[in-house]
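Structure, as structure tokens:
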Amino acid sequence: MYNRQVWEATPADTPIHKMDVRIKLALLAAVMLFAVGLEGARPLFFLFVCSLGMHFVARSSVQRWQVLAVFLLVGLWGTMVSQALFYNQEPRTMIACLVSPTTPWIGEWTGGIFIYREGLEHGAVQALRSGTMLTCGLLICWTTDPRQLLQCFLHWRMPFEVAFMVITSLRFLPVIFEETAVVFTAQRLRGFEPARSLSPVRWIRTAFYVLFPILARSLRRAATLALSVESRGFGRGNSRANLPMLPLPQQFACVGIFAVILVGATLKVIYSLQHNGVAYFPQLRGVYDFMAVWL
Amino acid sequence: MGVIVDCRELSFTYQNSEAPSLQEINWQIESGDFILCTGPTGCGKSTLLKAFNGLIPHEISGTLQGSIQINGKDSLQCSVANLSRTVSLMFQNPDDQIFSTSIADEVGFALENMGMTPVEIQRRVAETLAWVGLAGREQGSVHALSGGERQRLALAAVLAIRPQVLALDEPISQMDPRGAMELLQVLRKLNEEHGITIIVVEHRLHEVMPICKSVVVMEQGRLVWQGSQRDAFCQPEAFLRLGLRIPQTVHICHRLGLAAESAAVDDAAATIRAAYPACSTVVQEPLLLQREETELAIEVKALEFQYDPAGRKVLNGIDLAIPRGQFVALMGNNGAGKSTLLHHICGLQRVRQGQVKLLGQAVKGLDRRVGMVMQNPDLMLFKSTVEQEITFGLAHGLGQGKQSGDWRELVDRIGLGGMEDRFPLALSQGQRVRVAIASLLSCQPAIMLLDEPTTGQDLGHIDDIIGLLQEYTQKGGTVILCTHDTEVAARYAERVVVMTEGKVVADASPRQVFSCDEVLRSASLRTPAALQLSRRLYGGCALGVEEVVRHVQQASMGSYAG
Amino acid sequence: MKQTIRMAVLFGLLAMSLVLLAIHIFPELGRQGKRQDSQRLLSQMGRFEQVAEIPLGKVEIRGFRQMGSTPGLVRLSPAGDRLVIGTENGDVMVFNIDGSSVWRRKIGMGKISALEYSPDGGRILIGENSQQGAVICVDAATGGEKWRRNSVDELGVDLRQKTFPGIMSIAMDESGNSYAVALRSIRFPNGQTDYFARIYKFDANGRVELFPRDHNLDVWVSWCDIDPSGNLLVFATSDYTPGPYRRYQNNIYQFDARTGQNRWSLHTETVEPYERTNMRFGPKWSQDGKYMSGVSADGRAFFVDAAGKLVWSRVLSAPQRIQGIFVNATGLHTQQIGSYAIFSTGNTYNRANWQLPTPVEHPQSNSVFLFDREGNLRKRRKLGGMIEEMKLVGQELAVAVGRNIRTKDASIHGVALLSAPELELVDWLPAAGPCVAVAASPKHVVAMEAPLQLDSGEIVGSYRILVWRKTGM
Amino acid sequence: MGYRTVMRLCLAVWGLWLLLPLPTAAAGLFLTLEAPYSLTGGQLTVAPGQRIHAMANIENTGPAGQNVAVRLELPAGFRADGKPEHWTIEQNETVLGQVLQRELNLPVGYGQWFDLVSLIVDDHVSEGVYILRLSAGETTREIRVKVSPRVDGAPVHEKPALERVVLPLDRDGVRDEKQNANTLVLRDRSLDYYKNVLRGKGATNLEIEAIHPVTHMGLDFRNPAGQQKLLMVEAELLDKNSRRRIPGLYTPGSNSEHDGAGAMAAGQERLTAFVALTGEPRQRLVLPVYADETQLAEGDYLLRVTVDDGGIHSWSQELPLVVIKKNMRGMITLAIGVTMLLAFLVLIRRKLPLVLAGMKTRRLITIALFGTCAFAVVNVPSTLLNDFLHIFLGPFSFLISGMFSGIMLYMLTGALVTLIPLHGVVSLMAAMRLLLGMLAFGHMSPLVFLSYGVNAFLLELALAGTGFTAASLPTNPVAGFSWQRMARLALACAVADTVATYITMQGMAVLYRLYFADWYIWMVMAVNGFLYTVIGAACGAVLGSRLSGVGSD
């Protein structure tokens with residue numbers, strides 16, 4: 001987990017790796033929009049399984065699957081459990097009582113802990129949503145060179161500085177996680193146990209102890225990286241090489257993805273018009289039924 | 001050959017600093033030169049390099065006086081991007097520079113910035129990779145590269161621009177000898193075959209000096225010595241005075257009052273033989289002082305480890321017994337498993353297979369009796385002053401009955417006297433390593449493990465550190481020092497353990513280990529030059545400069561006497 | 001080795017979570033209808049054994065604190081070999097009687113409100129509540145749609161107020177004609193309610209006739225019945241709120257099913273505190289087609305002859321004022337067997353708040369009453385919980401028993417088989433949760449069970465179908 | 001035979017017992033008498049001084065109609081509580097107790113009549129078995145009631161008391177301390193769909209919500225004597241000044257067993273319920289509150305709750321009730337927040353190139369790395385911890401989670417602006433955090449954008465306003481650390497974060513239809529918004545001044 005190589009993109013010879021970064025990003029956008037727009041657990045589950053399948057196609061390594069599994073498990077159960085316990089919307093149905101409100105201590109303090117079915121379902125939907133996004137996000141991170149992302153962002157007219165910052169963030173996020181872990185280890189080696197007490201002063205001191213080395217390291221890294229990219233001619237006002245035009249089939253793929261997004265959005269609008277009692281078209285009953293059951 | 005870099009009265013002061021970092025530099029660099037620029041830490045070497053490609057003053061704020069012309073263009077008038085096509089800069093740590101995941105992308109980055117077409121880029125990338133010895137590996141992952149290869153990739157990334165001048169800031173300081181050698185060979189080839197002017201800033205001049213053409217020494221922002229490689233060999237005083245580490249052959253010649261023609265062992269031997277004809281007399285080598293078998297500090301039995309079940313074994317059946325009070329050098333190339341072994345000993349890594357005992361007890365979790373200095377000491381420092389940093393362990397009950405005044409002596413010994421109130425993380429790298437060592441030593445743990453502490457240190461500071469550690473071993477402490485530096489190991493260690501691919505391939509006194517060429521070759525270590533020279537001169541097995549000098553002098557005296 | 005195990009555990013956990021999630025999201029994946037022989041449960045008298053259990057997915061779990069019951073419909077095919085289920089989740093499913101699935105169909109955005117097999121068992125009529133309020137005729141064997149008819153054309157729809165037309169009930173005659181009651185109601189902020197109701201007659205091919213022919217009924221109609229000859233259609237009306245003048249003010253109407261003429265209507269007096277007589281399920285024709293029996297929400301039973309003459313009426317459960325609040329038990333269902341009429345009463349309600357359970361139980365609540373044609377009570381039997389549905393098959397009456405809000409006794413849920421007309425308990429088929437629907441054939445009894453949350457938080461039962469088979473068959 | 005089977009069988013036997021047919025009386029009249037009639041379905045002992053109920057049920061199953069005289073004879077020491085509605089009372093000398101009488105006309109075929117009579121047991125009644133007799137015509141039925149003094153010695157005389165009326169509660173009768181007491185937040189359903197979309201929740205089924213109670217009301221009764229009572233509860237709204245009755249609360253007129261249409265029974269002007277005190281020493285009666293948002297206007301009202309046990313006793317309580325339909329304060333605040341966000345976006349559009357032009361690559365990377373650090377040490381732990389904290393600390397969980405979002409974050413922010421005191425630095429850092437959050441956790445809803453945007457905007461304003469950040473770096477930067485600078489930074493950050501916290505909370509209040517209690521808003525603002533931020537930013541200044549010495553190698 002703390003091995004940062006697990007986190008960084010590696011080139012490989014799979015369709016996902018070979019895919020043009022623009023198509024990948026378009027796909028990611030489509031998946032994200034659907035993940036946000038879809039409400040039913042069924043299509044979300046389908047989307048989730050599809051995005052997991054992409055990792056098979058990309059032949060993600062065992063370690064990566066391990067990482068993915070840990071994150072998904074934590075996310076899935078964490079969201080479901082917490083939503084199941086703290087769902088505060090109505091209607092809600094208790095399906096189990098973990099701690100009765102009459103239990104001395106915990107029961108009185110928490111007012112009882114129950115599992116709510118709607119919460120569980122809402123949690124499942126949320127977990128599938130974020131799981132899908134996480135899976136796709138990691139897929140992109142693992143299969144796409146940050147430099148290509150940069151190229152793509154610039155191709156799409158993102159301010160060059162912002163694009164650069166974004167990929168720097170992405171590039172160094174795993175490194176920073178790794179270093180945070182090392183810092184805690186190093187502190188233990190020096191005899192410092194951050195978790196031993198909960199006093200606020202100690203807490204702040206711990207914060208200092210963690211931030212000092214990480215930030216100092218970041219500052220040094222920033223200095224070196226900046227010098228390195230600048231001395232390689234990276235900067236404003238350069239006539240950068242543009243991405244080549246996409247080959248025809250890939251252009252079609254791009255158009256196809258956008259068409260899917262468009263169709264999804266249109267269906268959504270039509271359904272919500274009906275749902276909110278604004279407009280109902282009897283001819284579209286089949287579409288409505290499909291939406292009600294599947295989306 | 002014209003002047004490609006021309007500095008006139010160049011002075012520079014950083015924005016937040018009072019003292020100038022460069023003072024009235026006058027330096028004309030001829031095209032096609034291969035220059036070693038050296039000097040003690042903080043002398044302004046790196047600053048000068050940054051001035052060459054316009055990072056100073058365009059990107060780094062400060063006050064610049066004088067002028068600097070690159071290829072006839074005033075650097076003040078040109079942008080960094082423009083200048084970087086003439087002068088390319090490469091840095092110490094490849095991991096902070098490498099940006100992409102595939103080799104071709106990394107090399108192509110600079111070319112894209114120049115606006116080249118993809119076809120051109122592809123061709124140029126292939127060509128550049130061939131230059132640095134990574135031909136045909138375009139599609140490989142940067143993570144699959146070894147440390148040395150990664151540094152060469154970083155080199156290729158700047159070379160792709162086809163700069164006229166290549167400036168390298170401590171390119172080999174963190175590399176193992178094999179990697180360093182390979183990189184330097186590439187540099188030599190670039191210089192010779194492609195006529196690229198090369199400027200290397202480096203502490204490890206004993207490795208760079210033999211291949212460079214001219215040498216520059218800086219001190220406190222000024223150029224204090226300038227000359228050809230030959231001049232440098234002849235006049236090593238300038239280097240020795242500043243605590244710089246010159247090739248041992250040159251050093252020996254110098255000590256014997258001779259002027260070395262080159263750093264090569266054969267040349268030195270010839271020179272010495274000419275002056276001291278009797279030096280070939282075999283003198284009885286002092287035997288290694290055999291220590292009495294005392295209590296074992298560290299006992300490792302059949303230790304095996306692998307990160308993932310399918311992967312290779314990082315540790316493959318390590319057996320090691322280290323008695324108390326021993327100073328052990330742990331050597332081997334990158335990836336031999338040295339750090340992993342240290343992690344097992346200090347309890348950072350749980351023992352899965354085999355056994356590790358400290359002072360007779362099996363290791364369970366992080367062991368407080370062990371002090372460990374990690375490879376990157378930055379991540380070990382977290383207090384806001386050097387004083388707090390060093391006394392932290394004492395304050396947290398790690399030291400056993402230490403006097404609170406002792407740490408001051410420690411600070412002085414590591415050359416940080418007067419810096420007690422400085423922020424440790426803002427110190428130079430060498431200083432940070434020393435603070436980290438001192439912060440652990442102050443608690444007097446039973447065992448000290450040090451992972452590459454000599455990186456980026458001047459010779460003097462290495463002496464300081466080792467001196468402290470030796471004192472510590474005399475008091476009964478045990479030291480394991482990981483290092484690539486055979487000269488350091490030869491000089492100071494009582495025992496050398498060499499690891500290759502997770503196995504211990506040699507475990508004996510330095511003399512025995514360094515006499516065994518196959519072992520060193522297998523571990524891609526270099527035989528110390530002094531040892532080579534002594535072997536050549538008198539079939540001996542000397543471990544340091546002093547030993548050779550003493551031998552030659554004694555033998556000569558003996559011959560005069562006899 | 002340990003690492004391999006850890007990894008296996010990790011991936012196993014992920015796979016398990018995904019499978020669990022999949023089963024949760026796609027309940028049909030985890031459906032396992034057949035019961036193992038070793039698990040078979042016998043009924044109390046040993047006359048029935050439980051042979052299948054069909055989970056129906058998720059449904060809102062009710063407790064004792066609110067009134068109302070979980071909706072769901074179950075019908076057996078005339079041959080008794082298949083059952084069709086309409087669930088709260090919009091599924092229409094057909095199963096073999098052993099619990100194996102035949103087909104399933106999602107009704108989409110609509111809600112299933114009526115479900116009936118055709119007498120020959122070849123078709124299934126599904127009534128839904130949606131913007132279109134359609135009757136959908138599907139092939140009973142395949143689920144393929146044969147025809148559909150929307151009631152929105154007659155009843156209209158108000159999208160903003162979300163008042164949609166819905167099919168309330170479907171009746172079939174022997175010749176294959178079917179009659180569907182469609183209804184839409186709007187309640188205005190001032191308390192006035194408008195109703196739009198219509199009865200549709202379909203032949204086997206979906207050709208349609210309307211009753212009344214040219215206008216909507218302006219009252220609540222939720223039930224109709226056709227006499228054995230297929231000529232006389234009766235329905236009763238309800239009007240739950242005081243409204244303006246209504247054209248259909250009487251309580252029972254009879255139409256000629258061939259001509260569409262209104263033959264007669266019957267008006268009954270109201271009972272305090274009711275302002276109207278409301279009949280929700282009824283009237284029901286006798287097997288000889290001579291009489292109709294009906295039961296009203298105020299707890300009265302009616303017996304009417306084919307000519308529209310009220311033969312007698314009886315008070316089954318009179319509203320009584322307790323501490324100033326009227327407490328009553330609703331009249332619910334009626335059946336006729338031979339020369340006897342059976343009526344049932346439901347839960348106790350109070351006029352102060354219909355939504356909350358009443359602390360006092362009406363003594364005549366949740367009871368089955370047997371009357372002869374002269375109007376004499378022959379038997380009354382009180383069942384422990386809410387009588388959700390009764391089905392008469394041969395000489396037996398299957399009664400689905402749901403929850404009892406006052407005693408909160410969870411042991412009373414199940415299906416009671418009573419002999420008809422004696423109303424003696426023949427057998428008792430227990431269920432963990434309340435039974436909300438029942439269907440029966442000479443060989444099988446099928447009940448729909450709903451989950452129930454006890455006050456302790458424990459949940460008994462689940463949303464599922466239980467199939468019992470007569471032993472020795 | 002498995003455990004399940006055994007259990008089922010037991011259930012079945014129990015069921016059979018319940019299904020035994022009722023005995024039919026020969027004379028066609030069938031009587032039952034139940035006393036004490038338990039409202040909970042359980043057994044009850046009778047103690048001197050206690051109030052009990054008797055349920056009398058009379059059925060005529062004979063073929064002929066009957067006109068019968070019904071008598072309920074009470075033994076000495078038992079008497080009717082108050083005046084029974086359907087009976088006349090007669091003191092009978094022969095049996096020394098009260099006799100309740102009435103005439104009853106039971107119709108032909110089948111007829112029935114029942115009543116629940118409230119009785120009181122005299123204080124001086126001695127221990128023993130007493131006989132209650134119900135007779136109708138020739139048929140009589142007797143039951144024996146055992147009177148014994150209460151073992152626990154509870155005060156039999158103390159009347160139940162309505163202690164307080166609590167509002168709002170959730171369906172399970174639990175009060176959320178975060179919400180304002182005595183407040184009724186009506187749904188402003190017109191924008192529900194859009195609110196749900198804004199919350200990132202997606203559309204919900206409006207139909208389900210339509211017949212949903214607005215909130216629940218709890219009536220806390222103290223009932224030390226353990227009495228069982230039937231209660232009629234009425235709740236109505238009064239004008240605060242004129243005490244005139246205001247329509248708005250209603251009682252739903254039907255349920256799904258009756259009427260599929262649901263919706264409301266308008267015209268009723270109060271909430272009524274028929275409930276029971278079950279004899280527990282303390283009981284909270286939870287009633288769903290239905291309010292008609294079309295009728296009820298916003299404002300301050302009095303809620304009058306009247307409880308009556310059939311004319312014997314009555315309890316009444318009035319409490320001020322604030323009715324909120326549109327959370328105006330929240331909406332205005334939200335509108336201000338949205339305006340800020342829009343202004344900020346316009347500003348970004350116009351100023352971003354300028355800001356970026358002033359940044360050197362090294363600073364951009366520094367900002368990006370700080371943003372990444374912030375994500376790693378703030379967003380990740382707080383996302384993982386939030387829910388768990390919520391279990392144990394409830395409304396106070398923000399005290400801990402604020403340590404991350406307050407102290408830790410502002411340490412980083414403070415350090416960054418100390419290192420690079422330029423306009424736009426804070427926004428760029430926030431942008432990085434937002435982006436990583438979107439990618440890693442899918443945190444992507446307008447509320448998230450609003451919260452990040454407003455926070456960054458206000459911080460930029462405050463820092464620029466105090467002169468902490470500038471368009472370009474000062475030529476002579478202040479080296480080292482100064483208390484004055486630290487205080488300035490801490491204050492600027494604290495003020496900005498306090499306002500931003502308020503706006504975010506109000507945004508949540510509007511979108512989630514929560515009406516936070518004032519103390520909660522103030523506390524979150526004071527602790528999370530101000531205190532933690534001051535501490536964090538001050539520490540950040542120290543951190544930054546230390547780090548400013550860190551150069552490259």
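Chain letters run A, B, ... following the sequence lines, proteins first, then strands; residues in each count from 1.
Proximity to chain A is limited to the side chain of B:Met374, based on heavy atoms less than 4.5 angstrom apart. Heavy-atom distances place both the backbone and the side chain of B:Ala157 under 4.5 Å from chain A. Neither the backbone nor the side chain of A:Leu211 comes within contact range of chain B; no heavy atoms are under 4.5 Å apart. With a 4.5 Å cut-off on non-hydrogen atoms, B:Leu348 touches chain A through its side chain but not through its backbone. In this structure, chain A has heavy atoms under 4.5 Å from both the backbone and the side chain of B:Glu389.
With respect to chain A, the highest number of heavy-atom pairs below 4.5 Å among B:Ile161, B:Val158, B:Asp105 belongs to B:Asp105. For chain A, the option among B:Gln139, B:Glu106, B:Met372 with the highest count of heavy-atom pairs below 4.5 Å is B:Glu106.
A:Trp65 and A:Phe56 have tilted rings, their planes meeting at an angle from 30° to 60° on a 0 to 90° scale. In this pair, A:His55 and A:Trp142 present their aromatic rings perpendicular. The plane angle is above 60°, beyond the 30 to 60° band.
No hydrogens or angles considered: a donor-acceptor pair under 3.5 Å links the side chains of B:Gln92 and B:Ser173.
Contacts of A:Phe48 classified as ring-ring contact (aromatic ring centres under 6.0 Å, His included), with partners at least two apart in sequence or in another chain: none. Residues satisfying the salt bridge (charged side-chain N to carboxylate O under 4.0 Å, His left out) criterion with B:Asp96, sequence neighbours excluded, are A:Arg217, A:Arg221.
Classification of B:Asp378 and A:Arg220 as a salt-bridged pair holds, one side-chain N sitting under 4.0 Å from a carboxylate O.
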